[in-house]
Protein chains: 2
Amino acid sequence: MTYPDILSQRSKCRKVPLFMTPVKFPEGFTPAKNSITLNYGVPNQGFFPIAQVQTSVLDAPFGAIDNNKYTVNTVESDPNTIDLANGLQYANSNGLPQIRELVSQIVERTHTPGYPEWKITLCCGACDGLNKVMNVLLDPGDTVLMEEFTFTPVKGYVDNFQAKVVPVKLDLTGKGLDVDYLTDLLANWESKYPDHKRPKAFYTIASGHNPTGITQSKQQRQQVLDLAKKYNFAIIEDDPYGMLQFPDYESKQYSQPTSVDTFLEELVESYSELDTEGRVVRVETFSKLFAPGLRLGYIIANPEVIKAIDAVSDVTTRAPSGVSMLMVNNTIRNQFGGVDGFIRWVMKVKEEYHIRRDKLLDALYHSEAYKKGYISFNPPQAGMFVSVVVNFGCEAAKLAEEVNNLLIYLAAVGVSVVAGLGLSVDPEFSGTRAQFFRLTFACASTHEELSEGGTRFCNAVEQFFANGHVWKQ
Amino acid sequence: MTYPDILSQRSKCRKVPLFMTPVKFPEGFTPAKNSITLNYGVPNQGFFPIAQVQTSVLDAPFGAIDNNKYTVNTVESDPNTIDLANGLQYANSNGLPQIRELVSQIVERTHTPGYPEWKITLCCGACDGLNKVMNVLLDPGDTVLMEEFTFTPVKGYVDNFQAKVVPVKLDLTGKGLDVDYLTDLLANWESKYPDHKRPKAFYTIASGHNPTGITQSKQQRQQVLDLAKKYNFAIIEDDPYGMLQFPDYESKQYSQPTSVDTFLEELVESYSELDTEGRVVRVETFSKLFAPGLRLGYIIANPEVIKAIDAVSDVTTRAPSGVSMLMVNNTIRNQFGGVDGFIRWVMKVKEEYHIRRDKLLDALYHSEAYKKGYISFNPPQAGMFVSVVVNFGCEAAKLAEEVNNLLIYLAAVGVSVVAGLGLSVDPEFSGTRAQFFRLTFACASTHEELSEGGTRFCNAVEQFFANGHVWKQ
């Protein structure tokens, strides 16, 4: 299979230094068996101080501790278990085989790409993964499309490779990603961005977008993918929240018994699933479905891209933490009971987020600020963010001042949120579309805290408007 | 204090994207207490499936399991412990505060830099650390000095930033690092390397050098540091083996009771300790003293360099694995009994390596190959490598063929070693000095295996010479 030509020159030219001198053996020569290894500069496992680790898991998020401890020793006979001899040892840059196999199984079960040759590799969390993706796709002066509001550190990853970012318009309370805008932009690129090369990639968070909460429909994804094909750019699909998709706000149906199959069928197709030619580079992470401190994620792409990413890992981070790989692999295989067990855990995580979303939305919908039209928002269909547009009614030049004044009211009532103003890829481009605030329902300790937080937010907005948009004690 | 001007332009110009909009509060304004956080997009700890981890440690390398398990829960009251709520959560890019403090204590106890303002930061193992160091020191076209043989992947880190490597001569069986050569090189740079900029840094593994086993004396280090000052370049001190320093081969004194103080006093001063102006960037790792799978290391440098490195981490890996940080921090603090307890563990590790070195050296010294003058070597004073020079007696152009022929003999007797030929920074420069083989005493399972491996190596060399340097069945 021939894959789209999306690799950077940097990546095409990268040479990985050899360490071991390859030997040319004479014909018919057979090396001795049971060779003694005085070559690898790795400590024998007998030097590792930790000789046994026992873990206990919860029966559900915020649930009770399951009393069945799982124990891993230095050497385990089960080949699917990562024992301490392997988990604490150096690993190949692309990760330990057990978790590589597990991740492949998860991908197959959840988001099988639309072409058979796809490969996976591990990374040290999504940030590391995205950086490596930028490394293998972008040359200096290249252009990356991005939703006009985004997880702004990603701009830093693009900067690392001296590439440029061009925003794609979003409609926070309407259609979400503005595919018409993108279509027009690509059709008229040279007149709109005469100083920028045509895009090399579109970086997108298609489900539960951070910060706006937007989830692209299957139709939108297909349209974007068609554009990517037409104009030959890659899709970088950053999907930390793709498994956290919720029913409509109105449904109010919680914890309905559902099979893993039904749960998976109801997920919007990922770009990766719609991709039939190896154009999508998908980055997933265990941060939101397991724990962020693991710094463990994975990348799904065509074999050329994966090979290039592994070559980057060889000369940067090498493998992710073996302890993290061990914890995730062994917990999923031996405590959750494999891939479907993990998905059942994820379904419980999703359900808790669903309840939390609705607690926050309840507070927003019941507020005077909403009823008086000061705020607008779409219930997010996925993820952990509600973005609330505050209808300041000001021009763009005044927005920073208005936002600052509202932030004072928010500090006065005691609720911390993120202003959309700082999340813009190109503030001039976004103008007054940046008049939103990102509220997350992920980190609150209790449902009451979410209700209270939402109420405080709305009260602050109401006071702000009542006091003529300026701070009064 | 003013530090030497060693940062790259890249690093000086790096802007870290802001995420949170800073608020300008009116004078006298006090934000509400007990603010509800709807801002951080981090999962509440209740979403983390692992709720308890118990670890058991060995009483010594290759020793027995200590029956005192250590248990860490989601929330621990001891502020020095990393509990699961923190270990499994996002962390600042420079690492969790508990282990940052612990690492500072280790540095203070073992290798206090010679100026008071030094800082530390954590990295995802030494490879990641060295990459970040290259990132903040090197601009495209810059030059890095390196020992002529080295851990060659480091060349890849220099390539990542389009800088060039220039080798420094080594004398494997004599004085080690050739400081006279370096002095002359720097005095006559423009005539020797007219196409290269003067060096920005000297990358060195000063103790138990990989692959040669060379340990630089205090005097050599001081001379190099004086040159660095004179010609204004940085020293990148990669020191994974600095704590594994051994007495003379002849002493044959093992497991002598020694205090931590005595052990530390006997270590050769590091570049960092000799550095009075913030010119040395020192990279350490827990890989050799704890376990490589952790992917956890740390960097010691002046505050400007550390700040620049943290800015790189912000837009690349972010923090190392929290699980790794938790394991190291809690094991050292709660199972080893703090910094001195950790050093006592390290002393046991060192002692095991000491015994292993001598087992391998015994085999080499007792061999016919040695007695017949086919091989020469210096007993390494540190680390995990013995580099054995094979006196092929050929010219440089023939070396690859000779090495290949010997590698066939080695495969025939069943011992794997690394040929120096592939470890050269500049094969043309090194010529026949590359006629050595790196034998490690780190990874063998038993002492017998080491003796047997050393004997096989020497037997193969003897056969190789007996058969006129060509392969005969």
Side-chain angles (χ1 to χ4, degrees), chain A residues 17-18 21 23 31-32 35-44 46-58 61-62 65 87-90 124 127-128 131 152 155-156 291-293 295 315-318 321-324 407 411 414-419 421-422 439-440 442-443 453, chain B residues 17 19 21 23 31-32 35-44 46-58 61-62 65 87-90 124 127-128 131 152 155-156 291-293 295 315-318 321-324 407 411 414-419 421-422 439-440 442-443 453:
Chain A
L18 274 185
T21 302
V23 196
S35 181
I36 292 177
T37 52
L38 303 182
N39 51 351
Y40 296 112
V42 304
N44 185 281
F47 286 105
F48 305 158
I50 294 179
Q52 195 182 72
V53 176
Q54 289 184 306
T55 44
S56 307
V57 294
L58 295 179
F62 300 87
I65 292 190
L88 293 174
Q89 189 55 280
Y90 286 108
C124 311
C127 294
D128 175 60
N131 244 293
T152 48
K155 279 176 66 186
R295 305 284 72 218
V315 290
T316 54
T317 58
R318 302 196 52 82
S321 161
V323 187
S324 295
L407 286 171
V415 62
S416 305
V417 301
V418 183
L421 201 64
L439 281 60
T440 178
C443 72
Chain B
F19 194 74
T21 302
V23 196
S35 181
I36 292 177
T37 52
L38 303 182
N39 51 351
Y40 296 112
V42 304
N44 185 281
F47 286 105
F48 305 158
I50 294 179
Q52 195 181 73
V53 176
Q54 289 184 307
T55 45
S56 306
V57 294
L58 295 179
F62 299 87
I65 292 189
L88 293 174
Q89 189 55 279
Y90 286 107
C124 311
C127 294
D128 175 60
N131 243 294
T152 48
K155 279 176 66 186
R295 305 285 71 219
V315 290
T316 54
T317 58
R318 301 197 52 82
S321 161
V323 187
S324 294
L407 286 171
V415 61
S416 305
V417 302
V418 183
L421 201 64
L439 281 59
T440 178
C443 71

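No experiment lies behind these values; they were computed from the predicted model shown. For the numbers below, each heavy atom of this structure counts, side chains included, while hydrogens, waters and symmetry mates do not. Chain A is the first sequence line, chain B the second, and so forth, proteins listed ahead of strands; every chain is numbered from 1.
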| Nearest heavy atoms of Leu38(B) and Gly453(A), plus distance in Å | CD1-C, 3.7 Å
| field | With sequence neighbours excluded, residues passing side-chain hydrogen bond (donor to acceptor under 3.5 Å, both in side chains) with Ser416(B) | value | Ser35(A)
| query | What residue, out of Thr152(B), Thr317(B), Leu439(B), has the most heavy-atom pairs lying under 4.5 Å from chain A? | reply | Thr152(B)
| message | Measuring from atom OH of Tyr90(B) to atom SG of Cys127(A), what distance do you get when rounded to the nearest 0.5 angstrom? | response | 7.0 Å
| query | Which one, Gly41(B), Pro49(B), Ala442(B), leads in non-hydrogen pairs under 4.5 Å with chain A? | reply | Pro49(B)
| query | Any idea which of Val315(A), Val415(A), Val417(A) has the most non-hydrogen atom pairs under 4.5 angstrom with chain B? | reply | Val315(A)
| field | Which portion of Ile65(A) sits near chain B, non-hydrogen atoms under 4.5 angstrom | value | side chain
| task | Please report the closest heavy-atom contact between Leu58(B) and Gly46(A), naming both atoms and the distance. | result | CD1-O, 3.9 Å
| field | Residue among Thr316(B), Val57(B), Thr55(B) with most heavy-atom pairs under 4.5 Å to chain A | value | Thr316(B)
| said: Heavy-atom cut-off 4.5 Å, strictly under: side chain, backbone, both or neither for Ile50(B) against chain A? | reply: both
| task | Look at Val23(B), Thr37(B), Leu421(B) and state which one has the largest set of heavy-atom pairs under 4.5 Å with chain A. | result | Val23(B)
| query | Checking heavy atoms, do the side chain of Cys124(A), its backbone, both or neither come under 4.5 Å from chain B? | reply | backbone
| request: Specify which of Tyr40(A), Phe47(A), Phe48(A) makes the most heavy-atom pairs with chain B at under 4.5 Å. | output: Phe47(A)
| task | Among Ser324(A), Gly422(A), Pro292(A), single out the residue with the greatest number of heavy-atom pairs under 4.5 Å to chain B. | result | Pro292(A)
| field | Asp128(B) versus chain A, the contacting section by heavy-atom distance below 4.5 Å | value | both
| request: Among Arg295(A), Lys155(A), Arg318(A), single out the residue with the greatest number of heavy-atom pairs under 4.5 Å to chain B. | output: Arg295(A)
| said: Tell me which of these, Ala32(A), Ala291(A), Ser56(A), Pro31(A), has more heavy-atom pairs under 4.5 Å with chain B than the rest. | reply: Ser56(A)
| Relative to chain B, which segment of Asn44(A) carries a heavy atom at a distance below 4.5 Å: side chain, backbone, both, or neither? | both
